[in-house]
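Heads up, the thing below is written out as structure tokens.
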Amino acid sequence: GIGKTRLLRDVIATAEQVLFPDGFSVAAMWKTQPHLRTVVTFLARNTAHVGLHSFQRTGEDDRKRDRTSPMAKLLQQPNPRMTMFELLFALEADKKLYDRAYWWIRKTPDGPKIYRVPPAWCVPKPKNLFEVDYYEVVNESNKVVEIPVEEMVDFTGYSPKELLAGSPTIIALKDILEEQVQAALYRKQVWKRGGRVSAVLERPAGAKWSDGARTAFREDWYAKWTGTGEKAGGTPILEDGMTLNRIDFSPEQNQFV
């Protein structure tokens with residue numbers, strides 16, 4: 001019923017949450033944290049490149065590549081929407097982010113197909129302390145599917161306290177990732193609100209300068225020596241008593257590279 005579906009959604013939301021500021025979830029960290037995404041993508045891509053093949057044994061010490069059997073075709077195209085590379089990539093990424101992954105071996109008129117089930121959707125329903133009775137899958141639209149245990153391949157990692165659930169690596173990285181979130185926010189604030197004066201022109205305290213002369217000099221300086229001015233990048237000749245002093249950070253301090 002509706003109450004049961006809402007309860008399942010609450011369970012999934014709790015499992016998805018990793019206690020980051022502003023309710024950041026595993027999915028949110030994947031979308032926003034470039035270093036996390038780079039590492040997980042690198043590992044998943046290199047694992048998926050290995051590929052899976054089927055073989056026929058022709059003797060005790062020999063075998064030949066199988067390219068035509070139902071198993072071989074399934075490994076080439078596990079389902080109508082994914083290649084085996086994409087399925088293996090998703091498997092490794094799910095394992096790295098959630099420490100668990102699920103493949104649904106679904107029976108169809110065209111034979112068995114392999115579908116990825118997002119870990120955030122899947123709630124194993126225990127039969128006892130050591131076995132799963134069935135898997136309850138709830139997507140973002142609150143649609144519920146019950147999958148028999150014999151149709152699900154469960155890739156669950158190690159947890160010191162749980163037998164039916166892994167221990168997501170991203171939770172162990174919580175403090176480091178939180179530091180990155182705060183550091184990125186601080187840098188954004190500095191770049192957005194910090195002063196952008198790179199140099200100042202100074203004159204002796206007692207120098208006389210009319211308003212018109214000061215305005216004319218300023219506009220001439222902007223037109224010639226800044227932006228795309230005709231003399232930008234050159235060496236300016238200052239009026240008597242003037243000095244040009246830099247007040248910005250160096251490229252190294254700004255971490256431009």
Side-chain angles (χ1 to χ4, degrees), residues 5-49 85-102 116-124 137-142 154-200 226-227 245-257:
T5 298
R6 288 176 178 173
L7 177 61
L8 287 171
R9 291 301 304 149
D10 291 342
V11 169
I12 291 177
T14 302
E16 171 80 354
Q17 200 69 27
V18 291
L19 302 179
F20 280 99
D22 302 321
F24 271 17
S25 63
V26 174
M29 299 305 293
W30 167 258
K31 291 180 180 179
T32 60
Q33 294 305 298
H35 303 305
L36 174 69
R37 188 160 184 158
T38 296
V39 172
V40 172
T41 298
F42 175 81
L43 295 171
R45 183 175 61 246
N46 281 274
T47 299
H49 277 157
F85 176 90
E86 293 170 327
L87 188 63
L88 291 176
F89 183 100
L91 170 66
E92 185 68 7
D94 285 343
K95 285 282 292 177
K96 290 294 177 286
L97 294 173
Y98 294 91
D99 200 34
R100 58 194 181 108
Y102 301 99
R116 168 188 175 248
V117 178
W121 291 6
C122 195
V123 180
V137 178
V138 188
N139 70 0
E140 300 298 328
S141 301
N142 288 328
D154 186 337
F155 303 88
T156 299
Y158 171 77
S159 173
K161 297 178 63 176
E162 299 286 343
L163 291 177
L164 305 181
S167 179
T169 307
I170 197 171
I171 295 180
L173 296 173
K174 181 176 74 71
D175 291 338
I176 295 175
L177 293 172
E178 185 175 343
E179 287 179 5
Q180 290 185 4
V181 171
Q182 296 302 326
L185 177 61
Y186 172 74
R187 288 194 299 270
K188 183 178 179 181
Q189 292 170 338
V190 170
W191 282 104
K192 183 177 181 179
R193 299 170 183 165
R196 300 186 183 183
V197 181
S198 60
V200 294
T226 65
N245 296 320
R246 294 184 62 87
I247 61 174
D248 62 339
F249 293 111
S250 68
E252 180 181 359
Q253 290 170 321
N254 280 326
Q255 296 186 353
F256 285 146
V257 176

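Count residues from 1 along the sequence. This is a predicted model, so every value here is computed, not measured.
- Annotation: ring-ring contact (aromatic ring centres under 6.0 Å, His included) contacts involving residues 168-189, sequence neighbours excluded, are absent.
- Expressed to the nearest 0.5 Å, how far NZ of K31 lies from CZ of R37 amounts to 9.0 Å.
- The salt bridge (Lys or Arg N to Asp or Glu O under 4.0 Å) check on K96 picks up E92, with sequence neighbours excluded.
- Annotation: side chain to side chain contact (heavy atoms under 4.5 Å, CB included) contacts of N46 (sequence neighbours excluded): F42.
- Annotation for W30 and L36: closest pair N-CD2, 4.3 Å, computed over non-hydrogen atoms.
- In this view, V200 and V197, E202, N245, I247 satisfy the side chain to side chain contact (heavy atoms under 4.5 Å, CB included) rule, not counting sequence neighbours.
- Nearest heavy atoms, A101 versus K95: CB-CG, 4.2 Å.
- Nearest heavy-atom pair, T41 versus F89, reported as atom, atom and distance to 0.1 Å: O-CE1, 3.8 Å.
- Looking at every heavy atom in both residues, H49 comes nearest to F85 through CD2-CE1, 3.2 Å.
- In this view, S159 and E162, S167 satisfy the side chain to side chain contact (heavy atoms under 4.5 Å, CB included) rule, not counting sequence neighbours.
- Interatomic distance, CD of Q33 versus CD of Q180, reported as 5.5 Å (0.5 Å rounding).
- The NE2 atom of H35 sits 11.0 Å away from atom CE of M29, with the distance rounded to the nearest 0.5 Å.
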Working for side chain to side chain contact (heavy atoms under 4.5 Å, CB included), residues R116 and L87: CA-CA 7 Å; R116 168 188 175 248; L87 188 63; 4.1 Å; yes
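- Shown here for P124 and Y102, the closest heavy-atom pair between the two residues is CG-OH, 3.5 Å.
- R100 and C122 get closest at one heavy-atom pair: NH1-O, 3.4 Å.
- In this view, T156 and D154 satisfy the side chain to side chain donor-acceptor pair (under 3.5 Å) rule, not counting sequence neighbours.
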